[in-house]
*Asks:* 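Pasting a structure here, questions to come.
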Amino acid sequence: MAKDKPLRPKARLPRGFRDRSGAELAAERRMLDTVRGVYESYGFSALETPAFEYTDALGKFLPDIDRPNEGVFSLRDEDEQWLSLRYDLTAPLARYVAENFQDLPKPFRRYAVGRVWRNEKPGPGRFREFTQFDADTVGSSSPAADAELLIMVCDVLKALGLAGSDFALKVNNRKLLDGVLDAARVEPSRRGVVLRAIDKLDRLGLGGVRDLLGSGRKDESGDFTRGAELEAAQIRIVEKFLGSAPPDPTLGNLERWWADIAPGHEGGAAQGLAEVAQIFALVDHSGHQGRIHLDPTVVRGLDYYTGPVFEAQLTFPVTNEAGEAVIFGSVAGGGRYDDLVARFTGQAVPATGISIGVSRLMSALMSRGALTLAEDPLVLVLSMGDVARAFELAHQLRQAGIRSEAYVGTKRIPDQLKYADKRGAAIAVLEGEDERAAGTITLKDLALGLELAKSIETRAAWVQERPAQTTIGRADLVAEVTRMLGRQS
RNA sequence: GCAGCUGUAGCUCAGUUGGUUAGAGCGCCGGAUUGUGGAUCCGGAGGUCACUGGUUCGACCCCAGUCAGCUGUACCA
């Protein structure tokens with residue numbers, strides 16, 4: 001007879017999602033507080049919008065029968081309306097601005113931090129749920145708004161502990177990309193493919209991009225990707241644009257540069273060149289001028305960008321948990337999107353914004369040693385058959401601002417100490433019958449004990465020596481714990 | 001979606017040319033130790049060998065299909 005086995009669900013995390021806890025969350029919180037502080041100091045105010053939006057407010061399409069969740073997580077409301085989880089924080093901002101347009105001051109400046117969701121295939125370092133931290137200026141067409149964001153991002157990265165030489169901001173302009181495609185006479189239907197190919201430059205290198213602009217490219221698994229089928233002459237023009245940029249982007253230098261790349265097409269890109277020149281003129285006085293460069297290879301995948309685009313890149317190698325070097329994309333990116341609000345109102349509203357990828361930036365900071373996984377130290381009060389007394393001692397420590405936990409489990413003392421170890425507790429507090437009779441308390445410095453344990457061979461010796469352990473007067477509890485915590489830190 | 005690789009205990013993995021009752025380490029539970037962490041020792045629980053079908057006297061092993069995972073690539077408003 002077969003064993004009756006109840007049908008149980010398998011405990012498993014949906015792919016592309018993550019559980020996070022304790023020290024990691026504490027570190028993230030510290031980082032977000034720093035970013036928030038800089039954003040607020042520039043006069044941006046917080047705005048929170050919900051996780052769900054009506055699907056038509058988020059993008060161009062409605063889910064269809066065949067692929068109801070293409071790219072986004074969607075569901076149908078009771079009244080048959082499609083809702084979707086937001087895939088970024090910019091689309092909800094556009095909705096908010098359109099809905100409250102007449103009441104908002106212009107320019108309207110807000111920051112937003114929150115989780116976003118994408119229903120896509122997850123990969124290494126790519127999740128289906130992640131956090132973004134955005135700042136946007138809506139209602140100003142001035143390049144000053146773009147320049148300000150670039151300067152602010154530099155301030156953020158420095159406030160987070162990165163050195164100036166650790167990062168670089170790369171600036172480009174969609175109008176220049178459009179201009180060069182005009183000059184190369186690339187058909188409108190192929191422009192998307194071409195821009196996406198250029199966007200892959202950092203990953204595939206110039207050779208890979210050349211293949212994608214031309215006949216196509218085979219990846220390392222042998223799969224073939226079709227190319228944009230451009231003529232050699234067209235590819236040459238695009239490559240010339242990608243490979244050269246004046247180091248000092250004054251308007252005069254930019255115009256000379258452009259005349260060399262796209263002679264006869266000076267008019268089409270003039271606006272873009274002027275915007276670039278203005279941005280760099282403003283950046284010049286920021287103290288961050290060495291960190292911000294013109295880089296024609298920056299595209300940004302999203303096609304709603306209409307003018308300046310930018311991304312923050314790290315200049316040092318980042319390693320993953322396995323210690324391998326990883327190709328690290330940008331930690332922040334953004335640009336100008338002048339048409340997004342017009343989708344709702346019909347009225348053109350210029351806007352520009354920057355978005356920080358929170359988990360990427362966090363692993364970069366940890367890789368650099370600028371952020372460490374750490375929680376406040378924990379003091380564990382062991383329960384020696386008198387939980388009320390453990391509560392009381394823990395309470396005394398809390399009153400002094402010390403994070404302390406009274407043991408509320410049911411195990412014996414050796415197991416309680418093992419528990420304290422596993423929790424990573426800094427100190428264990430014991431007050432049993434002997435101590436109570438003597439009016440004393442025993443403290444164990446667990447971190448110190450862990451060190452000493454390496455040189456003690458036998459359990460008997462360990463028990464006899466009782467390393468890193470002291471017995472103190474009852475009244476000295478808070479003072480002595482404070483002293484021990486001070487030694488550890 | 002396309003391509004390659006991989007599915008054996010909670011985790012990481014062994015498993016001989018196809019041979020009887022499928023193993024190890026870690027983790028977990030109990031004990032050596034009713035008030036002292038580490039180490040060590042003893043004992044225990046835990047398996048639809050991803051699933052379905054086929055070949056065979058006999059399949060964890062060979063074949064086909066399906067599903068799942070990983071990696072690359074495409075898409076990413």
Side-chain angles (χ1 to χ4, degrees), chain A residues 2-3 5 7-8 10-16 53 55-63 66-67 69-72 84 86-88 90-91 94 116-126 128 192-193 196-197 199-200 203-204 208 211-212 216-227 300-305 327 337 339-340 343 380 382-385 411-425 427-436 442-469 471:
Chain A
K3 275 186 289 185
K5 240 188 163 173
L7 243 170
R8 295 201 173 105
K10 187 169 169 62
R12 60 193 187 122
L13 191 61
R15 71 199 202 111
E53 296 280 350
T55 302
D56 60 354
L58 279 185
K60 301 183 182 65
F61 73 93
L62 284 169
D66 296 333
R67 326 177 83 175
N69 288 311
E70 179 72 0
V72 298
S84 296
R86 63 187 180 202
Y87 56 83
D88 70 12
T90 308
V116 301
W117 296 266
R118 295 190 186 175
N119 192 3
E120 295 163 359
K121 184 190 156 186
R126 282 174 66 97
R128 296 204 289 178
V193 187
R196 284 194 294 273
D199 200 27
K200 295 180 174 69
R203 198 154 43 82
L204 303 181
D211 290 344
L212 284 175
R217 172 180 178 272
K218 198 180 274 192
D219 74 33
E220 61 190 61
S221 72
D223 189 38
F224 183 75
T225 306
R226 284 192 53 189
R300 303 255 85 213
L302 313 178
D303 68 10
Y304 58 64
Y305 290 120
I327 295 176
Y337 50 97
D339 299 332
L340 223 48
R343 284 205 310 112
L380 197 78
L382 304 192
S383 183
M384 318 286 287
K411 297 290 182 61
R412 306 169 308 155
I413 291 302
D415 294 306
Q416 293 190 32
L417 278 160
K418 282 181 186 166
Y419 167 77
D421 263 347
K422 202 156 195 171
R423 284 298 316 275
I427 295 171
V429 175
L430 302 78
E431 190 207 52
E433 286 175 19
D434 295 349
E435 286 91 345
R436 210 161 299 151
T442 294
L443 301 182
K444 291 182 74 69
D445 186 329
L446 297 177
L448 181 59
L450 196 62
E451 284 298 309
L452 298 176
K454 289 172 187 163
S455 56
I456 294 180
E457 292 300 318
T458 68
R459 177 190 167 76
W462 174 269
V463 170
Q464 196 179 357
E465 285 185 30
R466 296 193 171 168
Q469 174 169 334
T471 295

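In what follows, every chain begins at residue 1, and chains take the letters A, B, ... in the order their sequences are listed.
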*Asks:* Could you measure between the two P atoms, the one in B:rG7 and the one in B:rU16, and give it in whole Å?
*Replies:* 13 Å
*Asks:* Categorize A:D445 for me: base, sugar-phosphate, or nothing, with a 4.0 angstrom heavy-atom threshold over every strand shown.
*Replies:*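 Here A:D445 touches the bases of the nucleic acid.
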*Asks:* Categorize A:E435 for me: base, sugar-phosphate, or nothing, with a 4.0 angstrom heavy-atom threshold over every strand shown.
*Replies:* base
*Asks:* Any donor-acceptor pair under 3.5 Å between the side chain of A:Q416 and the base of B:rU36?
*Replies:* no
*Asks:* Expressed as a whole number of Å, how far does the C1' atom of B:rA68 sit from that of B:rU52?
*Replies:*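 Nearest-Å result for B:rA68 against B:rU52 at atom C1': 15 Å.
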*Asks:* Going by purine N1 to pyrimidine N3 plus the second Watson-Crick contact, or the G-U wobble pair, all under 3.5 Å, which nucleotide sits opposite B:rU40?
*Replies:* B:rA32
*Asks:* In the structure shown, which nucleotide is the Watson-Crick or G-U wobble counterpart of B:rC26, with both distances under 3.5 Å?
*Replies:*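 Answer to the pairing question: B:rG10, which forms a Watson-Crick or G-U pair with B:rC26.
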*Asks:* On RNA chain B, nearest-nucleotide positions of A:Y87 versus A:D421: which is more 5'?
*Replies:*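 Comparing both residues, the 5'-ward one is A:D421.
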*Asks:* What is the nucleic acid contact for A:Y304, judged by heavy atoms within less than 4.0 Å: base, sugar-phosphate only, or nothing?
*Replies:*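 If one applies the 4.0 Å heavy-atom cut-off, A:Y304 turns out to touch the sugar-phosphate alone, with no base involved.
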*Asks:* Using Watson-Crick or G-U wobble geometry with both distances under 3.5 Å, which nucleotide pairs with B:rU17?
*Replies:*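 None - no nucleotide pairs with B:rU17, as no candidate has both distances under 3.5 Å.
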*Asks:* Starting at the 5' end of RNA chain B and moving along, which residue's nearest nucleotide shows up first, A:A425 or A:P122?
*Replies:* A:A425
*Asks:* With a non-hydrogen cut-off below 4.0 angstrom, is A:D434 in contact with a base, only sugar-phosphate, or nothing?
*Replies:* base
*Asks:* Who is the Watson-Crick or G-U wobble partner of B:rC62, with both distances under 3.5 Å?
*Replies:* B:rG54
*Asks:* Answer yes or no: side-chain N or O of A:R126 and base N or O of B:rC76 forming a donor-acceptor pair under 3.5 Å.
*Replies:*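 In this structure, the two groups form a donor-acceptor pair.
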*Asks:* Heavy atoms from C-beta onward define the side chain here; which of B:rG37, B:rU71, B:rG35 lies closest to that of A:P124?
*Replies:* B:rU71
*Asks:* Of the candidate nucleotides B:rU73, B:rU36, B:rG37, which contains the atom at the shortest distance from the side chain of A:D223?
*Replies:* B:rU73
*Asks:* Considering all heavy atoms of both residues, which atom of A:K411 and which atom of A:Q416 are nearest to each other, and what is their separation?
*Replies:*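 Smallest heavy-atom distance, with atoms named: O-NE2, 3.1 Å.
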*Asks:* NA contact type, A:L382, heavy-atom cut-off 4.0 Å: base, sugar-phosphate, or nothing?
*Replies:* nothing
*Asks:* Has A:R196 got a side-chain N or O lying under 4.0 Å from the OP1 or OP2 atom of B:rC75?
*Replies:*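 For B:rC75, OP1/OP2 do have a side-chain N/O of A:R196 under 4.0 Å.
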*Asks:* For B:rG4, which nucleotide in any strand shown is its Watson-Crick or wobble partner with both distances under 3.5 Å?
*Replies:*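 B:rG4 is paired with B:rC70.
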*Asks:* B:rC70 phosphate, OP1 or OP2: any side-chain N/O from A:R15 under 4.0 angstrom?
*Replies:* yes
*Asks:* Counting only heavy atoms not in A:R226, do more than 12 fall under 6.0 Å of its CZ?
*Replies:* no
*Asks:* Is any N or O donor-acceptor pair between the side chain of A:K121 and the base of B:rU73 shorter than 3.5 Å?
*Replies:*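 In this structure, the two groups form a donor-acceptor pair.
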*Asks:* Quick one: does any side-chain atom of A:R343 pair with a main-chain N or O of A:A57 as donor and acceptor, under 3.5 Å?
*Replies:*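 Indeed, once roles are kept as given, a pair shorter than 3.5 Å links the two residues.
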*Asks:* Taking the side chain of A:K411 as heavy atoms from C-beta outward, which of B:rC29, B:rU33, B:rU36 is closest to it?
*Replies:*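 Side chain of A:K411 sits closest to B:rC29.
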*Asks:* Is A:R412 paired with A:D415 through a side-chain N to carboxylate O contact shorter than 4.0 Å?
*Replies:* yes
*Asks:* Nearest 0.5 Å, what's the CG-CG distance between A:D211 and A:L204?
*Replies:*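 Between A:D211 CG and A:L204 CG, I get 9.0 Å after rounding to 0.5 Å.
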*Asks:* Keeping A:R128 on the side-chain end and A:W117 on the backbone end, is there a donor-acceptor pair under 3.5 Å?
*Replies:* no
*Asks:* Can you see if the side chain of A:K422 gets near the phosphate of B:rC28 - specifically, an N or O under 4.0 Å from OP1 or OP2?
*Replies:*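 For B:rC28, OP1 or OP2 has a side-chain N or O of A:K422 closer than 4.0 Å.
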*Asks:* When you check the phosphate oxygens OP1 and OP2 of B:rC2, does a side-chain N or O of A:R226 lie under 4.0 Å from one of them?
*Replies:* no
*Asks:* Can you tell me the Watson-Crick or wobble partner of B:rG46, both distances under 3.5 angstrom?
*Replies:* none
*Asks:* With a 4.0 Å cutoff (strictly under), does any side-chain N or O of A:K444 reach OP1 or OP2 of B:rG35?
*Replies:*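 Checking B:rG35 against A:K444, no side-chain N or O comes under 4.0 Å of OP1 or OP2.
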